[in-house]
Every structure is written in structure tokens, then in C-alpha cells.
Amino acid sequence: MNIRYAISVIVFCLTVSGVRAFAQEAVADTIPSGYELVDSLVYVPAPLLNTELAGKNIFLELPLVEKGGASDVRVHQSQGISTAMNTHFRTNSSRSVCGYRVRIFFDNKQTSRYASEAALKRFVEQYNDVAAYRSYVNPYFKVTVGDFRTKSEAMQLLQKIRGAFPSAFIVKENINYPVVDRERPVVEDTVRVLRPVLER
């Protein structure tokens, strides 16, 4: 079964959201004895798409002078086209696309389960801005990384990680949509984390 994000990233994101909620609750009440709130830097995967227009009909968002816009943009189309387009967007919102990934682990030994987890963890620690996936297809454990539309993009990552993962190779498979901004694939954020007071 493919994992959408690296296991550690999922756990990390869930932990961050849980910690945020707990920290806010702690501030609202009181901080438990023996604990303190500290700032912590976290890296969260960037959104795969711009969410400003999520759930909105783009044709209703176009500028109109009567709504205070600088210009008039009007689209004339039949109701059939509008209905077909809305149906297409609704039914294909989670569809994957054919592309390329780099496989960094592929084995079926008795120790493969733990070795694949270790390979995934090592990759995520070194390249936290690249999506990583661990899967099991009987009898093989696999770890693949990246979401690339072209083979040349996958080749760039392969060359970059070849030293750390010498047996890595490119595979063609269904991928998730690549991040919108490849220059900023992760977003830095600071959260307040509740932790035990460290003895100095």
C-alpha cells in the first residue's frame, strides 16, 4: 500500500497539530508544573495546490466593474459545458497522474521491513523537502521518492542522492501531483511546544 507522505512526516504533522492544540489549551489554563512552553521550528510540506479558490466557482470570482473590479471579465458558455466541467473537477479531484519516482530501496529479505523503514527515515532526514513513500507488494518492500512529471526531473534527484543511495534507480508509476512551488517545497513555521523543564 502506498503511503502518501513519509511515515515520519505524517506522524510529525499529526504531532505538530496535536501539540499546537495542547499548547493553546495550556496557555488558556495554566502550564503544568515541571513543564515550559518553548519555540520550536517545524518544516511542513507546502500545499500541493493554491487553496485560495478551493470550494469556489472561478467564474463567480472573475472581476466585474459592478463588484468594484477594475475591469469586466465575462464568460459566455452553455449550462451543459458548465455542468460537465464541474462534474469533471468533482470526480477527478484525487486522481493521480503517471510520472516518475526514484526507488531507493527494493528487497525481499527477512530483514527488509526494518531495512525499508531505516532507508525511509534516512532519506527523510537528509531530504525533508522531497516526498517519500514506503510500500509492500508481496514479497517486496519498496521505498520510492519524489513526484516527477518527466524522467529528466527524476534523473536530477537520482544524481543528487546517488552517493547516499548507490543502488537507486528510476521507476515509472502513478504519482501525486508535484508541489506547486519547487523552489519552496516545505514551509517553515514556529510553534510553541510544551515540554518538561530541562535541568541546567
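Side chains are part of it too, since the values below use all heavy atoms of this structure and drop only hydrogens, waters and symmetry mates.
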Can Tyr136 and Asn138 be counted as having a side-chain donor-acceptor contact under 3.5 angstrom? yes
- Query: Any sub-3.5 Å donor-acceptor pair from Asp147's side-chain atoms to Ile175's backbone N or O?
  - Reply: no
Heavy-atom nearest pair, Lys172 first then Cys98, reads CE-SG, 3.5 Å
Separation between CD1 (Ile170) and CD (Glu153), nearest 0.5 Å, reads 11.0 Å
Output for pair (Arg195 CZ, Leu37 CG), nearest 0.5 Å, gives 10.5 Å
> Does a salt bridge link Glu173 with Arg103, judged by any charged N lying under 4.0 Å from a carboxylate O?
Replying inline: yes
Output for pair (Ile104 CD1, Leu120 CG), nearest 0.5 Å, gives 7.0 Å
Quiz item: Would you say Gln77 has more than 12 foreign heavy atoms packed within less than 6.0 Å of its CD?
Solution: yes
Is a side-chain donor or acceptor of Arg134 paired with a backbone partner of Val143 at a separation under 3.5 angstrom? no
Value for CG (Leu157) from CZ (Phe148), rounded to nearest 0.5 Å, stands at 4.5 Å
Could you tell me whether the side chain of Arg101 and the main chain of Tyr133 form a donor-acceptor pair under 3.5 Å?
no
query: Take atom CZ in Phe169; do more than 12 heavy atoms of anything else shown fall under 6.0 Å from it?
result: yes
Tell me if a side-chain donor or acceptor on Ser112 pairs with a main-chain N or O of Lys109 at a distance below 3.5 Å. yes
Heavy atoms of Gln126 and Ala164 approach each other most closely as OE1-CB, 3.6 Å
Side chain proximity check, Tyr127 to Ile161, heavy atoms < 4.5 angstrom: yes
Closest heavy-atom pair, Phe165 versus Arg122, reported as atoms and distance to 0.1 Å, is CE2-NH2, 3.3 Å
Rounding to 0.5 Å, atoms CG (Leu64) and CD (Glu66) come to a distance of 5.0 Å
- Looking at Glu117 and Arg113, does any basic side-chain N land under 4.0 Å from a carboxylate oxygen? no
Q. Are Phe141 and Phe105 near enough that their ring centres are under 6.0 Å apart?
A. no
Using atom types as modelled and distance alone, determine if a side-chain donor or acceptor of Asn108 lies under 3.5 Å from a backbone N or O of Pro139.
no
Separation between CD (Gln156) and OG1 (Thr150), nearest 0.5 Å, reads 7.5 Å
From the list Val130, Leu158, Val171, side chain to side chain contact (heavy atoms under 4.5 Å, CB included) partner of Val102 resolves to Leu158
